[in-house]
Amino acid sequence: MLGVGSVQAQSDWTTLTSFKDIKKLIVFNDSLYVATMGGLLIIDDINSPGRTFLNTDGLGTTQITDIIQDDQGQVWLSGFGRLIKFDYNNPEQFLFLPAEGDMFLLTRLHDDGDNLWVGTDSGLVLFSKINDGGQIEGHFPLTSINSFPEINDILVVGDSIWVATSSGLVVANKSDPGILFPPAAWMLYDRENFSELASNTINSIARFENKIYIASDSGLYQIEQTAVDTNFILITETQYRLVFDLEVINDSLYIFYNGIGLAVIKNGVFTRLSTEGITSSPNTGIEWNNQKLIGVENGGLFYQPQGESFVEYEYTGLPNNDVTTITLDGQQRIVAGFGREIYAWFEDGIWKNTNVAVRAGTMSLMTDRNGDVWAGTWGQGLWQIKGDAVYIYGDTNSTVVGIPNGTHYAVTRGIATDGDRIFVTCYLAYTDAPVAVGQLDYLDIFESWDAIGVNEGLDNMFVTDISYGNNQLAVGTEGVGVYLCDIVELSDGTVSADCEQYTRENSPLISNIIKVTEYSIYGNAFVGTNFGLSRWDDGYETFKDIDLPAGVGPDISALAFDDRNNLWIGTRTGLARRDAITLEVEAFTTENSDLVTNEISDLYLDKQTGDLYVATSGGISILKSEIQNWSTSTETVLAVPNPFVIKSESDKLSFNYTKPATVNIYTISGEAVDDFSVNIPWNGKNKKGKEVASGVYLFVITSEEGEIASGKFLLVRE
C-alpha cells in the first residue's frame, strides 16, 4: 500500500497552475504557507509574489489538501496519492498505493507524537514517522454502513480521536490503535441516531474553551456530553448554512460558512465579522502580520489590512485549473481558455483576463498569420482578439450562425486556417451550412464571407472539430464520422468545396464520434475519436486504425504534429508521442513524468522552440524541447550539444533541423560512421553498434527536397 522515496524534479517539464482553490493556511517561520489544489504557495510579503512548489519541484502532485507542522517543527503536506515530508530542496514522498484502483486523495493531517493520523477520501490511516523511515500502521474501517468514508477533519483530545467524515462524526479511544480495526470500536454520531443533526456531512471539528464544535452542511453545533448522554446544540445563527471550516485563531474560534459568512465565538458569544470586499463565501482563514487572510469558495486569497475592506492577493497564478484550450499569440504570450473565462494571457508574471463570461466557456483557440487569436465559444459566436481589442462575429456580420431555435446562439467548437482564410464550425447551423469561411483581409465585409454545407455535401449539422491541410478540410461530427472537403479557391477569393463523408461503416473509421482532427505535414488527415485514432491512407483511399499502447486513450482529445511529422496525442488518460520514423508510441503520464494531470483537453506546439503546451483539467504543462534554436534552413543547422559529451547511455546527439531529413556521420578523414533519420538522436555508435572514439566528426544532412547542410562536432567520452 505504501511506497517511500525521494523524488527528484524532471528538468524538461514546467507546470503552471492556479493557487486560488485554497485548502489550508498556516504560519511557519514568519511566512504564510498556503495549501492549494494548484500546489504549495509560500508568501513572505503580501504585496509580492510568493514561492511556489509544484509536482516539478519534487512534490509529485499539485493537489495539496492540508499542511501541518509537527511537534519537532517538521512541515508535512497531504496531497493526491502521497504524504510529503516537506523540505525546500528535497521533499520526501510517501506514496499511498491501494491494492487496486486509483491512488487515494489524502485530505487531512493531524500530528500525534511519533505518528500522523491521515485522512483520505477512502478512510482513516495511521502513519508512523519513525518505523522503517515512515510506514503505514493501519487503515481503519470506521462504520459498518460505509467502512471507508471521506475524512474531512481530525481532532485528538487526550486518548480520544474525533473524526469528521462524509458519513457522520466518529470517535474512539486511540490509546491502543490495534483495537481500532473493527467498526464496533468507533462510536458513530449521525442523523439516523441523533435527530438534531440535519446532515451527516461533517466538514470540520475544533476544541475551544473546553467545548467541542462541529461544522456540518447544515450548520454549526456544540457537543454537550455527560456520563450517559450526548447532545448536539445548534448555533442558531448558522442554521441551514453550510459551514466549511473552524479555526482556533488567537483567543477566538473562527467560523467560515456560505452566504459570505464569517464569524467568531469568544466567551460563548457568536459575533459576525465584516466580509466587505470578499467575492464569495469564506472557506478557511488565518491571521498573519496583524491582518486576516481568507480563502474563498469560488477561488482566491483575500487579506484585510487593519480597519479596511478585504483585498484580493493577485499573485495566485492561472484564473483556475480547468484549462480548456491553449495557444501562443503573436507576442509569444501564452493564451488559454478557462471554464467561463473567455481567455487569459500571461504577461509580466501575472495572468490577465477579460472578466467576460462565455456561458460554458471557451471551446477552442487558434492563432492566425497576423498573430491574432481566435476563440470559439459556446453560444457567443466567434471572437477575434487583436491586442486589447475583441471583435465578435455572428449571424449579423458573418456566416457564423446559431442554432434553429436561437439564431444568435452560435456554438463555434472548431477553428482552422489556410493562412488566408479562417474556417469555423457552427454547431446546428440554422442555415444548413455548418462551416463559416472568412477571408482574413476582408472580415469586415459581409459579402466576403462564405459557408460550406448541404450544397457542398456537408449535410450533418452536429459538427465538432475542423482542421486544414493540403487544400482539404477535415470536419468532425458527433456521431456520423468525418467529412473530407476538397477546397478550390475562386477568382473572388471565396472557395468552392466538395465534401465526402467517411464513417465506421464505409471507410472503416475506428468510431463515428469525432473529438479532434489534424493533418500531418504531408497532408494526411488524422482523426481522434472517443474510441481511438485513425489516419487517412492515400494508397488505399480509406482510413486505417493506429495502434496505441495499453493505457493510452482510447478517448482522444487533442492532436499536434511537429515539423518532422512526429505526432503528439492528448487523451483523457495521458499524453503520447508517435515517432514519424519508427511509428513507436511513447506514453507520458503522471506516473512516469511531471505531467500535471492525465486529463488533457488541448495541445499547442510552438514551431519556433519545439516546446509543447498541454492544457489539462489540472493546469498547464509545458514540455521543453531539448533544442531551443530550431532551424528550417540548411544554412543554420547545428549539432546539439556541441561538444557532445558521453557519460552514459542516455546521452544523445540531436540536430536542430526541423524538417524530415537523413543524417550521415563521418570521421574527419571521410570514413562513413553511421546514417539515420534526423528524427532519431545519435547514441555515439557506428552502424555495427560499436562505440566510436573521442574526436572531431563531420555531419551531412540531406532534406527530402535534396537540400544539404553540413558541419562538425566534437565527441568526448568520459
Side-chain angles (χ1 to χ4, degrees), residues 1-2 24 65-72 74 76-78 83 85 94 96 104-190 193-194 197 200-208 210-216 221-230 232 245-248:
M1 183 177 178
L2 178 68
K24 188 71 172 181
T65 55
D66 197 10
I67 178 170
I68 65 168
Q69 180 186 3
D70 69 16
D71 58 4
Q72 301 298 313
Q74 174 65 52
W76 295 84
L77 312 176
S78 62
L83 173 67
K85 187 176 182 180
F94 300 88
F96 279 51
F104 298 142
L105 174 67
L106 278 60
T107 57
R108 190 61 66 186
L109 301 174
H110 190 95
D111 182 44
D112 195 10
D114 291 337
N115 299 316
L116 292 175
W117 293 98
V118 182
T120 78
D121 62 359
S122 185
L124 180 68
V125 172
L126 180 63
F127 176 85
S128 170
K129 294 184 284 185
I130 59 174
N131 290 344
D132 292 333
Q135 68 175 22
I136 286 177
E137 300 292 325
H139 184 198
F140 305 101
L142 300 180
T143 74
S144 57
I145 298 174
N146 179 7
S147 296
F148 299 103
E150 180 173 353
I151 307 302
N152 297 322
D153 204 1
I154 304 167
L155 174 67
V156 172
V157 181
D159 286 335
S160 296
I161 179 170
W162 298 77
V163 185
T165 84
S166 57
S167 298
L169 177 69
V170 295
V171 62
N173 187 311
K174 69 173 182 66
S175 56
D176 182 3
I179 67 172
L180 295 181
F181 287 97
W186 298 82
M187 177 63 189
L188 171 65
Y189 301 96
D190 62 9
N193 299 311
F194 295 84
L197 286 175
N200 282 339
T201 301
I202 311 301
N203 300 309
S204 185
I205 181 168
R207 186 170 186 264
F208 178 70
N210 295 318
K211 300 181 180 69
I212 293 178
Y213 293 85
I214 62 170
S216 79
Y221 295 83
Q222 176 191 324
I223 300 176
E224 282 192 353
Q225 283 188 307
T226 66
V228 296
D229 199 9
T230 299
F232 295 86
D245 192 21
L246 304 173
E247 296 289 343
V248 177

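Scanning for side-chain hydrogen bond (donor to acceptor under 3.5 Å, both in side chains) contacts around Ser78 gives Thr65, with sequence neighbours left out. Checked against side-chain contact (heavy atoms from CB on, under 4.5 Å), Thr201 has the following partners two or more places apart in sequence or in another chain: Asn152, Ser199, Asn203, Asp217. Evaluation of the side-chain contact (heavy atoms from CB on, under 4.5 Å) rule for Asp70 yields Gln72, Gln74, Trp76, Asp111, Lys129 as partners, not counting sequence neighbours. The salt bridge (charged side-chain N to carboxylate O under 4.0 Å, His left out) check on Asp190 picks up nothing, with sequence neighbours excluded. Asn210 is linked by a side-chain contact (heavy atoms from CB on, under 4.5 Å) to Arg207, counting only residues two or more places apart in sequence or in another chain. For Gln222, there are no side-chain hydrogen bond (donor to acceptor under 3.5 Å, both in side chains) partners, not counting sequence neighbours. Listed by chain and residue number, Ile145, Asn146, Val170, Leu188 satisfy the side-chain contact (heavy atoms from CB on, under 4.5 Å) test with Thr143 (two or more places apart in sequence, or in another chain). Not a single salt bridge (charged side-chain N to carboxylate O under 4.0 Å, His left out) links Glu150 to another residue, sequence neighbours left out.
The OH atom of Tyr213 sits 10.5 Å away from atom CD1 of Ile223, with the distance rounded to the nearest 0.5 Å. Taken from OG in Ser167 to CD1 in Ile202, the straight-line distance is 10.0 Å, to the nearest 0.5 Å.
Across Ala206 and Leu155, no two heavy atoms sit closer than the pair C-CD2, 4.1 Å. Contact detail for Thr107 and Ile151: the closest heavy-atom pair is OG1-O, 2.5 Å. What you find for Val171 and Ser160 is that their closest heavy atoms are CG2-CB, 4.4 Å. Nearest heavy atoms, His110 versus Ile154: ND1-O, 3.4 Å. Across every non-hydrogen atom of Ser204 and Ala164, the tightest pair is N-CB, 4.3 Å. Scanning both residues, Leu83 and Leu77, for their nearest heavy atoms gives CD1-O, 3.5 Å.
Here Phe104 and Phe96 keep their ring centres 6.0 angstrom or further from each other.
Within the structure, salt bridge (Lys or Arg N to Asp or Glu O under 4.0 Å) contacts touching residues 160-173 (residues at least two apart or in different chains) do not occur. Screening residues 171-185 for side chain to side chain donor-acceptor pair (under 3.5 Å) gives Asp112-Lys174, Asn173-Ser175 as the qualifying pairs, with residues at least two apart or on separate chains. Sorted by first and then second residue, the ring-ring contact (aromatic ring centres under 6.0 Å, His included) pairs with a member in residues 141-170 read His139-Phe148; sequence neighbours excluded. Screening residues 152-161 for salt bridge (Lys or Arg N to Asp or Glu O under 4.0 Å), with sequence neighbours left out, gives Arg108-Asp153.
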- Can Leu116 and Ile68 be said to form a side chain to side chain contact (heavy atoms under 4.5 Å, CB included), step by step? CA-CA 10 Å; Leu116 292 175; Ile68 65 168; 3.8 Å; yes
- Message: Applying side-chain hydrogen bond (donor to acceptor under 3.5 Å, both in side chains) to Glu137 and Asn131, what does each step give before you reach the verdict?
- Response: CA-CA 9 Å; Glu137 300 292 325; Asn131 290 344; 3.1 Å; yes
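Using a 4.5 Å heavy-atom cutoff, the side chains of Leu109 and Val118 are in contact. For the pair Trp186/Ile161, a side-chain contact is recorded, criterion being any heavy-atom separation below 4.5 Å from C-beta on. Side-chain contact between Ile214 and Leu197 is present, with heavy atoms from C-beta onward closer than 4.5 Å. Side-chain contact between Ile212 and Ile205: present, with at least one pair of heavy atoms (C-beta onward) separated by less than 4.5 Å.
When atom types are taken as modelled, the side chain of Asp114 and the backbone of Ile130 share no donor-acceptor pair closer than 3.5 angstrom.
Using a 30° and 60° split on the angle between ring planes, Phe232 and Phe194 fall in the perpendicular class, above 60°.
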